[in-house]
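Here's the structure, in structure tokens; my notes come after.
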Number of protein chains: 2
Amino acid sequence: MTLMIPEHPPVIPDIVIGRLPLYLRALKHMIQEGKRTTSSRELGRRLGISSAQIRKDLSHFGEFGKQGTGYHLQHLVKELQQILKLDRLWPVAVIGAGFLGHAVASYNGFEERGFRISWIFDNNPEQIGQKINDISIQSMSELEETIERENARIAILAVPAVHAQAVTDRLVAAGIQSILNYAPINLEVPENVNVGYSDPVIQLQHMTYYIDKGD
Amino acid sequence: MTLMIPEHPPVIPDIVIGRLPLYLRALKHMIQEGKRTTSSRELGRRLGISSAQIRKDLSHFGEFGKQGTGYHLQHLVKELQQILKLDRLWPVAVIGAGFLGHAVASYNGFEERGFRISWIFDNNPEQIGQKINDISIQSMSELEETIERENARIAILAVPAVHAQAVTDRLVAAGIQSILNYAPINLEVPENVNVGYSDPVIQLQHMTYYIDKGD
DNA sequence: TTAGAATGGTGAAAAATTTCACATGCGGAT
DNA sequence: ATCCGCATGTGAAATTTTTCACCATTCTAA
């Protein structure tokens with residue numbers, strides 16, 4: 001008889017998960033270029049990543065390549081999509097219909113990569129009822145009811161910084177599990193909620209460190 | 001007589017540099033809240049980072065705190081701004097005046113954090129000459145001449161993915177050293193040029209991995 | 001004046017991440 | 001049919017990053 005050693009589900013480092021979408025994006029580009037296969041070396045060259053790292057990352061999930069040949073693009077893409085749960089279309093709520101919310105909601109690149117902007121909220125009476133890309137802007141007062149009824153899981157936060165935390169609290173209470181935050185503040189959320197940040201100034205400030213001002 | 005051992009300028013890990021803007025942003029918030037001092041513990045709590053890490057990060061650049069007391073906010077902010085070369089106002093060129101370029105150029109949060117949108121370019125004749133936030137949209141044909149004349153160092157790229165690499169090549173040739181890229185592709189640049197990426201889909205795809213679909 | 005609590009800076013230890021390097025297997029060319 | 005080059009998957013090593021744990025210092029309060 002075997003001892004009952006509980007099988008820990010293998011925990012994959014988050015830093016590995018974070019690279020998979022980059023692999024996926026590059027692999028899809030290759031398909032569009034008409035390629036059928038690639039290698040860890042070629043993919044690494046495109047992304048500025050070592051081939052060993054790519055192989056190691058993929059090895060967490062299975063064996064997707066063939067020695068001597070490399071990876072079949074269609075197959076690897078399908079595997080990555082499955083791993084990242086992109087084998088479906090995730091509906092996304094956009095909160096805030098200012099310039100930024102408009103830009104996000106008008107972007108047509110979501111659908112082919114697994115997401116669809118399905119709801120837009122704002123508290124400006126003049127905007128409510130107007131349409132962006134065929135989606136009617138709803139009042140913020142309908143936020144909770146809509147998210148709960150529709151079982152929304154993902155939100156993009158494009159409201160002014162002063163309101164971001166309060167809106168976040170409402171989103172979390174309503175059941176949102178992933179938030180992409182465009183407001184320049186750190187959000188406090190329970191640990192079962194994930195937050196992604198997009199503050200262009202943070203990135204610019206990072207880069208300025210390396211600028212050699214030679215003028 | 002001492003042996004001439006060449007002093008390596010201490011190389012600071014990039015991952016450390018990347019956290020400094022986050023510290024800076026949080027510290028400024030504290031100032032706005034009326035606080036005068038803080039501690040590594042308090043800052044860490046706000047950012048979800050260990051206090052030890054904050055102390056270690058800062059120790060790369062000097063000793064900015066006082067034992068028993070913590071850090072004087074104004075002083076630490078000033079030091080961080082100096083380290084990140086934010087003790088000046090960096091002019092930034094925005095390339096692309098679609099929805100996204102508009103949103104970026106209309107955002108008023110740049111100036112207080114070290115940047116000013118100074119030029120906007122687009123190739124749509126209908127847009128050229130129009131103004132966003134008092135800046136006239138210029139033709140793409142003026143790109144190189146303007147960048148070189150004005151000594152621009154930083155660009156925000158908000159053009160369709162198909163044009164992103166070609167525009168990048170022009171920016172680099174004209175002397176741009178930092179590019180914040182909103183197009184969903186990996187850019188190839190010489191190693192003296194820095195690229196920051198902002199592709200919302202990449203972040204969403206990262207987060208979906210962790211969503212537990214319990215419905 | 002002194003005791004005690006709070007805090008920074010830091011060498012050492014631990015943990016995480018990346019790279020190395022090689023056994024193995026596939027496929028095309030001769 | 002066989003050989004050779006290419007490419008994967010992977011333990012082990014190297015490197016990087018984070019955390020630990022403690023001394024020294026400062027401030028507060030009794």
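Reminder, nothing fancy here: chain letters follow the sequence lines and each chain counts from 1.
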Check your understanding: For A:Arg45, what residues pass the salt bridge (Lys or Arg N to Asp or Glu O under 4.0 Å) criterion, not counting sequence neighbours?
Key -> none
Point to revise | A:His72: partners by side chain to side chain donor-acceptor pair (under 3.5 Å), with sequence neighbours left out | key: none
Less than 3.5 Å apart, which donor and acceptor atoms pair up between the side chains of residues 59-68 of chain B and the rest of the protein, not counting sequence neighbours?
from    : atom 1 : to      : atom 2 : distance (Å)
B:Ser59 : OG     : B:Lys56 : O      : 2.7
B:His60 : ND1    : B:Lys56 : O      : 3.2
B:His60 : ND1    : B:Asp57 : O      : 3.2

Review point. Which residues satisfy the side chain to side chain donor-acceptor pair (under 3.5 Å) test with B:Ser40, sequence neighbours excluded?
Key: B:Arg55
**Study point:** 5' to 3' contact window, DNA chain D with chain A (heavy-atom distance under 4.0 Å)
**Key:** D:dC6 to D:dA12
**Study point:** With sequence neighbours excluded, residues passing side chain to side chain donor-acceptor pair (under 3.5 Å) with A:Gln74
**Key:** none
Check your understanding: Less than 4.5 Å apart, any side-chain heavy atom of A:Asp14 and any of B:Tyr209?
Key -> no
**Study point:** Set of residues satisfying side chain to side chain donor-acceptor pair (under 3.5 Å) with respect to B:Thr69, sequence neighbours excluded
**Key:** none
Check your understanding: Is it true that A:Arg46 and B:Glu188 make a salt bridge, defined as a side-chain N closer than 4.0 Å to a carboxylate O?
Key -> no
Taking only distance into account, with no hydrogens and no angle test, what donor-acceptor pairs under 3.5 Å do side-chain atoms of residues 100-119 of chain A form with protein atoms, sequence neighbours excluded?
from     : atom 1 : to       : atom 2 : distance (Å)
A:His102 : ND1    : A:Ala97  : O      : 3.1
A:His102 : ND1    : A:Gly98  : O      : 3.4
A:Ser106 : OG     : A:His102 : O      : 2.6
A:Asn108 : OD1    : A:Asn133 : ND2    : 3.4
A:Glu111 : OE1    : A:Arg116 : NH2    : 3.2
A:Glu111 : OE2    : A:Arg116 : NE     : 2.8
A:Arg113 : NH1    : B:Asp199 : OD1    : 3.4
A:Arg113 : NH1    : B:Asp199 : OD2    : 3.1
A:Arg113 : NH2    : B:Asp199 : OD2    : 2.8
A:Ser118 : OG     : A:Arg116 : O      : 3.2

Taking N or O atoms only and anything under 3.5 Å, show me the protein contacts with nucleotides 17-21 of chain C, one pair per line.
from   : atom 1 : to      : atom 2 : distance (Å)
C:dT18 : OP1    : A:Arg19 : NH1    : 3.1
C:dT18 : OP1    : A:Gln53 : NE2    : 3.4
C:dT18 : OP2    : A:Arg19 : NH1    : 3.3
C:dT18 : OP2    : A:Arg19 : NH2    : 2.8
C:dT18 : OP2    : A:Gln53 : NE2    : 3.0
C:dT18 : O5'    : A:Gln53 : NE2    : 2.9
C:dT19 : OP2    : A:Ser50 : OG     : 3.0
C:dA21 : N6     : A:Arg55 : NH2    : 3.3

Practice item. Any chance you could measure A:Ile154, atom CD1, to A:Leu180, atom CG, to the nearest 0.5 Å? Key: 10.0 Å
Revision key, fill the gap. Within residues 58-76 of chain A, those residues having any heavy atom closer than 4.0 Å to DNA chain D are A:Ser59, A:Glu63, A:Phe64, A:Gly65, A:Lys66, A:Gln67, A:Gly68, A:Thr69, A:Gly70, A:Tyr71
Review point. Salt-bridged, B:Glu145 to B:Arg170, with N to O below 4.0 Å?
Key: no
Exercise for review: Output all residues satisfying side chain to side chain contact (heavy atoms under 4.5 Å, CB included) with A:Ala164, sequence neighbours left out; order by chain, then residue number.
Suggested key: A:Leu157, A:Val159, A:Ala183, A:Ile185, A:Leu187
Exercise for review: Scan residues 21-44 of chain B against DNA chain D and write down, sorted by residue number, each residue with any heavy atom closer than 4.0 Å; if none is found, say none.
Suggested key: none
